[in-house]
Chemist: 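Here it is, the structure in full.
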Amino acid sequence: MCGQRSRGSSRGGRRHCRRPGIRTSFQEREGNQEGAGEGFRRVFAQGNRNNDSWGEGGIMRYSQLFLPTGREIPSDAEVVSHQLMIRAGMIRKLTSGVYSYLPLGYRVIQKVENIIREEMNRAGAQEVYMPMVQPRELWEESGRWQHYGKELLRFRDRHERDCCLGPTHEEVITDLVRNEIRTYRQLPKNFYQIQTKFRDEIRPRFGVMRCREFGMKDAYSFDMNEAGVDESYRKMYDAYTRIFERCGLTFRAVEADTGSIGGSFSHEFMVIADTGEDALVFCTLCEYAANLEKAEIARPEKEDTSQGEHLPVEAVHTPGMKSIDEVCGFLNMKPEDIVKMIIYSADGVPVAVLVRGDVEINEVKVKNFLGCDLLEKADEEMIYRVTEAPRGYAGAVGINVKIIADYSLLGMSNFVTGANREDYHLINVNVGRDFAVETYADLRFVRDTDCCPRCKGALKFARGIEVGHVFKLGTKYSKTMKATYLDRNGQERFMEMGCYGIGIGRTVAAAIEQHYDENGIVWPVAIAPFQVIITPVNVNDHRIAEISETLYASLLHRGVDTLLDDRDERAGVKFKDADLIGIPLRVTVGQKSLVNGVLEVKMRKTGEVRKMPQEELEHMIVSFIHEGM
RNA sequence: CGGGGCGUAGCGCAGCCCGGUAGCGCGCCUGCUUUGGGAGCAGGAUGUCGGAGGUUCAAAUCCUCCCGCCCCGACCA
């Protein structure tokens, strides 16, 4: 992609798709306006290709539009949004995780982009456009050449220089800013771009929802101090809220892990959907909401580890019993009586993590607690080195590595663990007497029986699609890359940074996940590719054709994005297509309505049909759209 | 990267087990009729059966290797 996509500021969600080449190529390919029926040809005696200027909105006649809809559900599409985007002629796959947007799909993308632009500009951010190909040196400076992993697509140019495709742009923007901004007088600043990113996902799936090449809006703020970055963060948080509200999404901002971007804290904007890849937790009483991998568990108040009598340790023969369930069944115990120990390799160093047998270790928490770059479950060899036993019989007694324990161990006594010996477990083990725990921490996943870490209220779970993520970065990048400025006192200081992303294609897919029915997509007005579709029931009827044309011209004149279905198709086909592509309003022009001198309009969302004279209809449409924006 | 599945016309699929030179539905083209929820009739076009080797008189079908795609897992925006 070159950097030449047409853009620019705009008002009122109007898109920019001035593509003069298209008309010509379509004429050449399709010759004489096939599709447009006899009536239309008469009404436009000269044919619209000679006289009609498509104007700002581009092609808005169905007969000319490249809109290949499909009846069949594509066999490789699993989620609804993916199926519908293909059936509605929005996208086509080029290769795994890489998609082309067709005209209808790209119109929706542009609608979303323009909403984002308006809100970013309103929040004081400035649009820039940065390179996709980036040099290795920059990534070595931030340390991410080593730490980003295989998701960073690397390659060599003809001079054998290492490069990568930008998965995100902290390095580039920090480099730009450190070279240009010297003084506090130039701060704060917030730069954003809408640009293609590449992340070499291990497993792309769900169409445009989790793909490798995707459009993203990313913004980066630079402030003098912490109060400044907090303010920038809040502005972006508010802007994101407005953006997703305007897109018609039901969403929730949740506390999140910062992952490979880093920083001190972050919020993800989650569109609530059962097909979402992320699990969310939120409190039913207070405002607390978090990604499951981040959701905290308060340290228990009573920490009595010495309750009851400590019985003598015994080794019991447990042949072949490796899993918690097997051991429970064999010893006739509950998982709550067992302590599960998992050995991890933290940057290559073995660490033992203990949790109660009935709970699940949250590796993100473990990784953050240890502060390591790479955390993985230990392989058989490392397990043997630590426990001198095969996998399945690990226990904390007698091992010589760092031992950390989840809060769930507090209060446990006389529990079961592996014996570090094949086919044996220990019973009546006790912390303190039999082994020492270095630290207790919150290391497990929240469950529905847990309560809110803030207010003790009950928790609820949901699934969500992450469409946006805001990070308070602090000085992570400004320190490693030396982005400094001089303050009032001539003191050199590190800039405080934040970064803020929105996945554009994913937002579109998420909108579909939330707005569809058995007939197809049901676009929210603000991001619909067209706001109104005019459906002449019979294109060969002069009166119908004429009225449709008049209405079409008039709506365009009023600034309504109108698609005229001038194809010589049966009404049923047109209705099905209109429903599938999800246009919010459909005006039907046919004998039934014309008899009474009224036109009828059908709401895609509710199915409600209203009939009224043309003038009134136009007003109704304009105010309907206005409300929906 | 591990496990599973699939690759046959533009799309969705059958045929493969049991080898004999490819079929169905939708779509597409032509004509006539039809025209308010994916029309009917008649005629027609379209395939290196993912690729390369091998077995065989003969391979979509059996064998080997390779490629691509999808799902589950591991991993992670």
Side-chain angles (χ1 to χ4, degrees), chain A residues 34-35 37-39 68-79 82-83 86-87 89 92-98 144 147-153 166-168 197-207 209-214 216 218 256-262 266 268-270 276-278 291 293 363-364 367 373-377 379 464-469 471 499 501-503 505-506 518-520 535-541 544 565 567-581 586-595 599-600 602 607 609 611:
Chain A
E34 308 168 52
E38 197 52 41
T69 57
R71 195 197 306 238
E72 316 255 13
I73 297 171
S75 62
D76 57 355
E78 229 205 341
V79 296
H82 188 193
Q83 294 171 355
I86 289 170
R87 288 188 53 209
R92 288 293 184 265
K93 181 169 66 186
L94 178 61
T95 183
S96 180
V98 179
R144 291 207 289 186
H147 299 315
Y148 207 95
K150 287 194 179 165
E151 230 175 87
L152 183 65
L153 183 66
T168 172
K197 303 282 191 252
F198 194 95
R199 296 181 185 174
D200 200 358
E201 288 285 338
I202 240 163
R203 186 146 88 84
R205 61 189 125 170
F206 304 148
M209 201 116 96
R210 185 176 205 75
C211 49
R212 299 191 297 167
E213 184 175 313
F214 59 99
M216 181 173 176
D218 47 325
D257 185 62
T258 55
S260 57
I261 304 288
S266 75
E268 289 168 330
F269 285 77
M270 292 286 188
E277 289 191 85
D278 288 279
N291 191 309
E293 64 182 21
E363 294 184 3
V364 171
K367 183 175 179 218
D373 285 320
L374 182 63
L375 182 82
E376 37 188 12
K377 287 201 176 73
D379 55 23
I465 300 163
E466 181 197 352
V467 291
H469 201 159
F471 298 81
C499 75
I502 292 178
R506 194 182 274 188
E518 66 280 4
N519 293 312
T535 307
V537 157
N538 183 350
V539 113
N540 298 312
D541 179 308
I544 290 176
D565 192 349
R567 294 176 300 166
D568 187 6
E569 287 286 354
R570 298 169 64 85
V573 172
K574 295 183 176 194
F575 293 153
K576 288 288 181 189
D577 277 332
D579 286 349
L580 177 62
I581 65 176
R586 188 188 81 208
V587 180
T588 313
V589 185
Q591 299 296 354
K592 280 188 190 172
S593 49
L594 290 184
V595 174
L599 292 168
E600 65 181 82
K602 182 169 186 176
V609 177
K611 299 186 180 186

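Chain letters run A, B, ... following the sequence lines, proteins first, then strands; residues in each count from 1.
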Chemist: Distance to the ring centre below 6.0 angstrom and angle to the axis at most 45 degrees; does that hold for A/Arg586 and A/Phe575?
Modeler: yes
Chemist: Look at the side chain of A/Asn540 and decide which nucleotide, out of B/C26, B/G37, B/U35, has an atom nearest to it.
Modeler: B/U35
Chemist: Distance check: side-chain N/O of A/Arg203 vs OP1/OP2 of B/C72, anything under 4.0 Å?
Modeler: yes
Chemist: Roughly how far apart, to the nearest Å, are B/G5 and B/U64 at atom P?
Modeler: 14 Å
Chemist: Ignoring backbone atoms, test whether A/Lys150 places a side-chain nitrogen or oxygen under 4.0 Å from the OP1 or OP2 oxygen of B/C1.
Modeler: no
Chemist: Using atom CZ of A/Phe575 as one end and atom P of B/A39 as the other, report the distance to the nearest whole Å.
Modeler: 12 Å
Chemist: So for A/Lys602 and B/G36, does any side-chain atom that can act as donor or acceptor lie under 3.5 Å from a complementary atom in the base?
Modeler: no
Chemist: Which value, in whole Å, describes the distance between the P atoms of nucleotides B/A59 and B/G40?
Modeler: 41 Å
Chemist: Nearest to the A/Lys592 side chain among B/G36, B/A74, B/C69, which nucleotide is it?
Modeler: B/G36
Chemist: What is the distance from CG of A/Asn538 to P of B/G37, rounded to the nearest Å?
Modeler: 13 Å
Chemist: Of the nucleotides B/G36, B/C72, B/G38, which has the atom closest to the A/Glu78 side chain?
Modeler: B/C72
Chemist: If I pick the C1' atom on B/U30 and the same atom on B/C13, what distance separates them, to the nearest angstrom?
Modeler: 27 Å
Chemist: Considering only atom P, compute the distance from B/G31 to B/C67 and round it to an integer number of Å.
Modeler: 49 Å
Chemist: If you check every side-chain atom of A/Asp76, which of B/C70, B/G37, B/G38 has the closest atom?
Modeler: B/C70
Chemist: State which residues pass salt bridge (Lys or Arg N to Asp or Glu O under 4.0 Å) with A/Glu293; sequence neighbours excluded, sorted by chain then number.
Modeler: none
Chemist: So which nucleotide from B/C71, B/U34, B/G37 ends up closest to the side chain of A/Arg570?
Modeler: B/U34
Chemist: Tell whether A/Arg586 reaches the base of B/G37 with its side chain through a donor-acceptor pair below 3.5 angstrom.
Modeler: yes
Chemist: Suppose you measure atom P in B/A52 against the same atom in B/G12; what distance do you get, rounded to whole Å?
Modeler: 23 Å
Chemist: Under 3.5 Å, is there an N or O donor on one side and an acceptor on the other linking the side chain of A/Asn519 and the base of B/G37?
Modeler: no
Chemist: For a quick check of understanding: with a heavy-atom distance under 4.0 Å over all strands, which category does A/Asp278 fall into, base, sugar-phosphate or nothing?
Modeler: base
Chemist: Between the side chain of A/Arg87 and the main-chain N/O of A/Gly70, is any donor-acceptor distance below 3.5 Å?
Modeler: yes
Chemist: P atom, B/G2 versus B/C66: distance in rounded Å?
Modeler: 12 Å
Chemist: Closest to the A/Val573 side chain: B/G68, B/G37, B/A39?
Modeler: B/A39
Chemist: Counting only distance, no hydrogens or angles, is the base of B/G38 paired donor-acceptor with the side chain of A/Asp577 under 3.5 Å?
Modeler: yes
Chemist: Give me the distance, rounded to whole Å, that separates B/C49 from B/C62 when you measure between the P atoms they each carry.
Modeler: 15 Å
Chemist: B/A39 P sits how many Å from A/Arg567 CZ, rounded?
Modeler: 12 Å
Chemist: Could you go through nucleotides 6-11 of chain B and list every protein N or O atom that sits under 3.5 Å from one of its N or O atoms, giving the distance for each pair?
Modeler:
none

Chemist: By nearest atom, which of the nucleotides B/C70, B/C71, B/G38 is closest to the A/Arg205 side chain?
Modeler: B/C71
Chemist: Round to a whole Å and report the spacing from CD of A/Glu518 to P of B/G37.
Modeler: 17 Å
Chemist: Describe the nucleic acid contact of A/Arg506 in one word from base, sugar-phosphate, nothing, applying a heavy-atom distance below 4.0 Å.
Modeler: base
Chemist: Taking atom C1' in both B/G53 and B/C69, compute the distance separating them and give it to the nearest angstrom.
Modeler: 23 Å
Chemist: Using whole Å, report how far NZ of A/Lys377 lies from C1' of B/A74.
Modeler: 8 Å
Chemist: CG of A/Leu375 versus P of B/A74: gap in Å, rounded?
Modeler: 14 Å
Chemist: For A/Asp577, is there an ion pair with A/Arg567 - N to carboxylate O distance below 4.0 angstrom?
Modeler: yes
Chemist: Of the candidate nucleotides B/C76, B/G38, B/G68, which contains the atom at the shortest distance from the side chain of A/Thr95?
Modeler: B/G68
Chemist: Quick one: which protein N/O atoms are closer than 3.5 Å to N/O atoms of nucleotides 50-52 of chain B? Pair and distance per line, please.
Modeler:
none

Chemist: Looking at A/Pro204, is its backbone amide N or carbonyl O close enough to the side chain of A/Arg210 to form a donor-acceptor pair, meaning the two atoms are under 3.5 Å apart?
Modeler: no
Chemist: Output yes when a side-chain donor or acceptor of A/Glu600 lies under 3.5 Å from a complementary backbone atom of A/Thr588, and no otherwise.
Modeler: no
Chemist: Round to the nearest Å and state the distance from A/Arg212 atom CZ to B/G68 atom P.
Modeler: 10 Å
Chemist: When the distance from CG of A/Asp541 to P of B/G36 is rounded to whole Å, what number comes out?
Modeler: 12 Å
Chemist: Can you tell me which nucleotide in B/G37, B/C76, B/C75 comes closest to the side chain of A/Arg210?
Modeler: B/C76
